[in-house]
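Values reported hereafter were calculated over all heavy atoms of this structure, with side chains retained and with hydrogens, waters and symmetry mates removed.
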Amino acid sequence: MKIEVAPVQGHTDAAWRHFHHEIYGRNSHAVSGIENGKTDESLVYYTPFIRLERGDFRKHDLKDWLSHLNEGTRTVPQVIFRDMEELEPLVKGLVERGATRIDLNTGCPFPLQTARGRGAAFVGNVNQYSRIPALVEAFPDVSFSVKMRLGFENPAEWRGVIEILNSMKLDHVALHPRVAKQQYGGELHLDQFEEFLSESRIPVIFNGEIKLPEDAIGVMEQFPKAEGVMIARGILGRPSLAAEIQEGEEWSREKRLEKMMTFHDQLIDHYRAELCGDHQILSKIKPFWEYAEEEIGRKAWKAIAKAQNMAKYTTAVAMIGQ
């Protein structure tokens, strides 16, 4: 099955992707034998969404996607937009900068974006959605994919765009079977996912609530026509998740924590070299643990969250596994 790592703002930056790949990608058991310097095709990473601000690219978005740390990983730029007037310059600008694959985000549920018609709100904008195929055709050398939710309020909203999607040559559609109003809670509308899967002529990837290896296995057993799974918060809490799925075997907690600490140590060493002062370093490294309470234990997790300087942070991290 395909395994795709969805972006999470403030967490999965270029450094996170790079060192995650070093620990769990080409150097893992699942993909042993891949030569150094070659891209590991078994994991696909997406950048946090890229958007326009005052009519131009945000500098930190481009810096993340163009970072040398992406070399050797399969990293795809993801764009978010409210209409074609935003989408067209985003696509053109990325292609001019070397993009050969672009992901279209019509799934973000955050109110700051949906209130402006972006993300999951775009699914209901059929007039604008119907203009996407012409743009895709205008860039025949670019592989496009779509990330989406079932809708904004109604889980059947996808029906208004399914034929538009089917008319395009897309690599895949990654579908989260919730609506934007649910954010990341509430029931998964699996019946609607199944109907979408049966009507889609595009490969479909399941996105949502993949937290354990058995979750991915369960999804593929329930939906054998699905191409694979997309994971986000699950891999932040358990960085070994993709490797465990690839190997078809759950790792021991000892092995998971050992690899997780190696990942952490390489990441914090990078931030120490790039940043200045405790505050800057902590602001970048503390999100590493935000979703890992269950994995590392509540006592260490709380101590890390409370740490206000590097000395206290180091003491808190040392509590993991005790």
| task | Give a yes or no on whether the backbone of I102 and the side-chain of S143 come within a donor-acceptor separation of less than 3.5 Å. | result | no

| message | Distance check, rounded to the nearest 0.5 Å: I50 atom CD1 versus L94 atom CG? | response | 5.0 Å

| For the residue pair N70 and A14, what are the closest heavy atoms and their distance? | OD1-CB, 3.9 Å

| query | Between H172 and E4, is a side chain to side chain contact (heavy atoms under 4.5 Å, CB included) present by the stated rule, with each step listed? | reply | CA-CA 11 Å; H172 69 267; E4 308 214 316; 3.1 Å; yes

| Heavy-atom side-chain contact between L236 and T12 under 4.5 Å | yes

| said: I want to check something: taking the side chain as every heavy atom from C-beta on, are I320 and E295 in contact at a cut-off of under 4.5 Å? | reply: no

| request: Determine, stepwise, if the pair E53 / D61 fulfils side chain to side chain contact (heavy atoms under 4.5 Å, CB included). | output: CA-CA 11 Å; E53 192 171 75; D61 290 347; over 6 Å; no

| Is L212 reachable from V219 through a run of I, L, V, M, F, W or Y residues, each pair having side-chain heavy atoms under 4.5 Å apart? | no

| Does R149 count as lying over the ring of Y184, i.e. NZ or CZ under 6.0 Å from the six-ring centre, within 45 degrees of the axis? | yes

| said: Checking side-chain contact (heavy atoms from CB on, under 4.5 Å) between I304 and each of T315, I285, L282, I296, which is the one that passes? | reply: I296

| message | Rounded at 0.5 Å granularity, tell me how far CZ in R201 sits from CD1 in I162. | response | 8.0 Å

| task | Answer yes or no: is there a donor N or O on one side and an acceptor on the other, between the side chain of E244 and the main chain of W251, under 3.5 Å? | result | yes

| So, does D171 use its side chain to make a donor-acceptor pair with the main chain of S145 at under 3.5 Å? | no

| Ion pair present between R178 and E209, side-chain N to carboxylate O less than 4.0 angstrom? | yes

| Salt-bridge contact D64-R17 (side-chain N to carboxylate O under 4.0 Å) | yes

| query | If Ile, Leu, Val, Met, Phe, Trp and Tyr residues are connected whenever their side-chain heavy atoms lie under 4.5 Å apart, and connections chain through other members, are M168 and V95 in the same group? | reply | yes

| field | Results of ring pair (Phe, Tyr, Trp, His ring centres under 6.0 Å) for F206 - residues two or more places apart only | value | F193

| field | NE2-CD distance between H270 and Q266, expressed to the nearest 0.5 angstrom | value | 11.5 Å

| query | Counting distance only, does the side-chain N/O of Q280 pair as donor-acceptor with the main-chain N or O of C276 below 3.5 Å? | reply | yes

| field | Atom pair CD1 (I164) and CD (Q128), whose distance is rounded to the nearest 0.5 Å | value | 10.5 Å

| field | Over 12 non-hydrogen atoms of neighbours within 6.0 angstrom of NE2 in H279 | value | no

| task | Decide if atom NZ of K286 counts as having more than 12 heavy atoms of other residues, nucleotides or ligands within a radius under 6.0 Å. | result | yes

| Between the main-chain N or O of T262 and the side-chain N or O of H264, is there a donor-acceptor pair closer than 3.5 Å? | no

| query | Hey, any chance I217 and I3 share a hydrophobic cluster, counting ILVMFWY side chains that come within less than 4.5 Å of each other, even indirectly? | reply | no

| Would you find a donor on one side and an acceptor on the other, under 3.5 Å apart, between the side chain of E194 and the backbone of D191? | no

| said: Any heavy-atom pair between the side chains of E258 and E254 that's under 4.5 Å? | reply: no

| Pairwise side-chain contact, V204 with K225, heavy-atom cut-off 4.5 Å (strictly under) | no

| request: Is it possible for you to say whether L175 and F110 belong to one hydrophobic cluster, with membership spreading through side-chain heavy-atom contacts below 4.5 Å? | output: no

| note | Nearest heavy-atom contact between P77 and W65 is CD-NE1, 3.3 Å

| task | Determine whether P48 and H11 make a side-chain contact, defined as any pair of heavy atoms from C-beta on separated by less than 4.5 Å. | result | no

| query | Where is the tightest heavy-atom contact between A226 and M220, given as atom of each residue plus distance? | reply | O-CE, 3.1 Å

| said: Quiz question: by atom type and distance under 3.5 Å, do the side chains of Y45 and H20 form a donor-acceptor pair? | reply: yes

| field | Distance in Å, I231 CD1 paired with D215 CG, rounded so as to fall on 0.5 Å steps | value | 10.5 Å

| Polar side-chain atom of N166 near backbone of E199 as donor-acceptor pair, under 3.5 Å | yes

| request: Decide whether V161 and I80 are clustered together by the hydrophobic rule: side chain heavy atoms of Ile, Leu, Val, Met, Phe, Trp, Tyr closer than 4.5 Å, transitively. | output: no

| query | Between E85 and R131, is there a salt bridge with N-O shorter than 4.0 Å? | reply | yes

| request: State, yes or no, whether a side-chain contact exists between K147 and M230 at a heavy-atom distance under 4.5 Å. | output: yes

| request: Tell me, please, whether F49 has R118 positioned over its six-membered ring: NZ or CZ under 6.0 Å from the ring centre and within 45 degrees of its axis? | output: no

| task | Please report the shortest heavy-atom distance between N207 and P177, naming the atom on each side. | result | O-CD, 3.2 Å

| said: If we ignore hydrogens and angles and just use 3.5 Å, is the side chain of T314 paired with the main-chain N or O of M310 as donor and acceptor? | reply: yes

| message | Treating Q308 as the side-chain partner and K306 as the backbone partner, does any N or O pair qualify as donor plus acceptor under 3.5 Å? | response | yes

| query | Under the criterion ring-ring contact (aromatic ring centres under 6.0 Å, His included), which of Y313, F263, Y271, W301 is the partner of F288? | reply | F263

| field | Partners meeting ring pair (Phe, Tyr, Trp, His ring centres under 6.0 Å) with F81 (sequence neighbours left out) | value | F122

| Do you know the tightest heavy-atom contact between V8 and A232? | CG2-CB, 3.9 Å

| said: Between M260 and W289, does the side chain to side chain contact (heavy atoms under 4.5 Å, CB included) criterion hold? Intermediate values first, please. | reply: CA-CA 10 Å; M260 192 176 193; W289 306 105; 3.9 Å; yes

| request: For the residue pair N105 and Q78, confirm or rule out a side-chain donor-acceptor distance under 3.5 Å. | output: yes

| request: Compare all side-chain heavy atoms of I23 with those of P239 and state whether any distance is below 4.5 angstrom. | output: no

| query | So among F196, F152, Y129, which one has a ring-ring contact (aromatic ring centres under 6.0 Å, His included) with W158? | reply | F196

| task | Please step through side chain to side chain contact (heavy atoms under 4.5 Å, CB included) for the pair H18 and L267, ending with a clear verdict. | result | CA-CA 9 Å; H18 173 81; L267 190 59; over 6 Å; no

| How about E294: does its CD atom have over 12 heavy atoms from other parts shown lying under 6.0 Å from it? | no

| From D13 CG over to L69 CG, what is the distance, rounded to the nearest 0.5 angstrom? | 8.5 Å

| query | Do R256 side-chain atoms and S240 backbone N/O form a donor-acceptor pair below 3.5 Å? | reply | no

| query | Would you say E249 has more than 12 foreign heavy atoms packed within less than 6.0 Å of its CD? | reply | no

| task | Please report the closest heavy-atom contact between H21 and G72, naming both atoms and the distance. | result | CE1-O, 3.2 Å

| query | Any ion pair linking K181 and E157 (charged N to carboxylate O, less than 4.0 Å)? | reply | no

| Just wondering, do F144 and V91 contact through their side chains at under 4.5 Å, heavy atoms? | yes

| task | Could you pull out all residues at least two apart from E250 that satisfy side-chain hydrogen bond (donor to acceptor under 3.5 Å, both in side chains)? | result | R238

